[in-house]
Number of protein chains: 2
Amino acid sequence: MQTKYNLLRQHFEELFALTDDEWNFVQSHFQYKSLKKHQFLIQAGQAVDFEYWIIKGLVKAYSIDDKGKEHILQFAMEKYWVSDHCAFQHQEPGTIFVDCLEDSEFFCLSLENREKICLEVPAVANFFRIKSNYGYINLQQRILSLLTMTAESRYEYLLNKLPKLIQRVPKKLIASYLGVSRETLSRFNS
Amino acid sequence: MQTKYNLLRQHFEELFALTDDEWNFVQSHFQYKSLKKHQFLIQAGQAVDFEYWIIKGLVKAYSIDDKGKEHILQFAMEKYWVSDHCAFQHQEPGTIFVDCLEDSEFFCLSLENREKICLEVPAVANFFRIKSNYGYINLQQRILSLLTMTAESRYEYLLNKLPKLIQRVPKKLIASYLGVSRETLSRFNS
DNA sequence: AGCTAAAAGTGACCTAAATCACTTTTCAAA
DNA sequence: TTTGAAAAGTGATTTAGGTCACTTTTAGCT
């Protein structure tokens with residue numbers, strides 16, 4: 001288990017160094033969780049008590065529309081953070097589902113604990129500040145890709161950007177992420 | 001001018017309180033800028049030296065595709081932050097344009113100064129952390145709206161969410177923001 | 001290894017929205 | 001207050017991508 005915590009420490013320290021004391025304090029605010037493939041991390045309608053850092057595995061975050069169709073908001077794997085951020089931040093019932101595409105392990109951080117470690121350890125506040133900023137930048141680019149590119153070029157773009165992901169995820173889910181039907185994606189390209 | 005700085009201080013203090021000393025330090029890292037309608041704040045291809053807080057006015061942030069068509073990434077008005085965040089963060093040439101839809105005034109923050117005040121004043125780091133997080137949440141919702149909703153319901157949704165904005169912005173720009181053609185938008189609704 | 005279910009591919013057809021071309025309305029600057 | 005330009009509306013036509021129905025392939029399970 002300590003090895004797993006060390007992975008998280010390394011993740012924090014990619015951006016800002018922490019003293020051992022700081023790290024021990026921070027670490028004590030996370031809890032471990034493990035799920036099998038097909039199990040839910042978050043379900044719409046329920047409370048979202050945590051933000052999750054993925055130690056190992058792969059999940060999809062998605063919403064389900066009135067016709068029962070699923071729309072993928074995010075794939076998240078090792079070293080990614082995932083949650084229903086909106087529900088988590090506002091401590092409201094969630095609107096999206098997150099489930100495991102592979103057996104997965106997580107470190108869980110509650111809102112209360114997040115605020116506590118951010119206020120206590122400025123390096124952690126700065127860590128989340130920069131991480132959120134990168135996340136924001138990524139979403140802006142995804143929005144631009146939805147506004148400016150055809151479905152086919154979004155697919156090519158994703159193939160280049162995250163080739164490893166494509167191999168771990170069924171194409172029908174890639175289609176859902178890109179906002180295209182499975183059949184249309186199947187008719188693309190190479 | 002001090003009145004304008006006070007607006008910015010209030011904006012920071014909506015999330016975390018600052019001492020007068022802290023504020024004086026923070027304030028000294030911003031510079032004032034004013035532009036007339038139709039002037040550019042940021043242009044694709046050029047360095048992006050600042051992030052901007054809007055004191056007064058309204059701008060659009062957009063990219064131009066290979067066919068010369070403009071796609072609106074964001075509208076930003078009083079109390080909003082705007083920049084080419086990607087280019088700014090990586091200190092690379094920009095890829096988007098930001099120009100003024102009305103005469104506008106800004107406070108400008110360089111990357112170096114942002115990092116300086118965040119490291120010096122933890123409340124500022126926490127401020128930007130929370131702001132970025134809210135921004136992230138908003139973009140996730142916009143992505144979901146692009147994936148799950150028809151153009152018409154996205155329009156209705158926007159009418160409810162930001163009625164004031166609609167009145168300040170030509171409909172053809174709203175169309176571009178929603179990812180619909182001007183003509184199609186014009187055929188909608190009520 | 002054999003079997004079931006999920007995933008992927010494919011043809012035929014349909015539709016939301018884009019595009020093009022033109023008219024009408026609104027607005028801002030002289 | 002006129003006037004020229006930008007914005008908005010509208011009809012006709014096209015098109016990217018969706019939907020439906022079915023077949024083939026792949027991947028987990030016992």
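All values derive from a computational prediction rather than experimental measurement. Chain A is the first sequence line, chain B the second, and so forth, proteins listed ahead of strands; every chain is numbered from 1.
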Whichever of A:M149 and A:K37 has its nearest DNA chain D nucleotide further upstream toward 5': A:M149
Whole-Å distance, A:F188 CZ to D:dA16 P, equals 11 Å
Could you state the atom-to-atom distance from CG of B:L178 to P of C:dA17 in whole Å? 11 Å
Starting at atom CG of A:L147, determine the distance to atom P of C:dA18, rounded to an integer number of angstrom. 11 Å
Only one of B:F107, B:Y5, B:F127 clears ring pair (Phe, Tyr, Trp, His ring centres under 6.0 Å) with B:F12; which? B:F127
Mind calculating the distance between NZ (A:K69) and P (D:dC20) to the nearest angstrom? 10 Å
With respect to the phosphate group of D:dG17, does any side-chain polar atom (N or O) of A:T184 fall under 4.0 Å of OP1 or OP2? no
Rounding to a whole Å, what distance do you find between A:R182:CZ and D:dT25:P? 15 Å
Would A:E13 and A:R9 count as a salt bridge (Lys or Arg N to Asp or Glu O under 4.0 Å) here? Give the steps. CA-CA 6 Å; A:E13 294 204 324; A:R9 180 173 184 171; 3.6 Å; yes
Has the side chain of A:D65 got a donor or acceptor atom that lies under 3.5 Å from a matching backbone atom of B:T148? no
Measure from CZ on A:R187 to C1' on C:dG9 and round the result to the nearest Å. 8 Å
Rounded to the nearest Å, what distance is computed from the NZ atom of residue B:K172 to the P atom of nucleotide D:dA6? 8 Å
By nearest heavy atom, map B:V180 and A:P170 onto DNA chain C; which one lands nearer the 5' end? A:P170
For B:R168 and C:dC27, give me the distance from atom CZ to atom P, rounded to whole Å. 16 Å
Give a yes or no on this: more than 12 heavy atoms of other residues, nucleotides or ligands lie within 6.0 Å of atom OH of A:Y32. yes
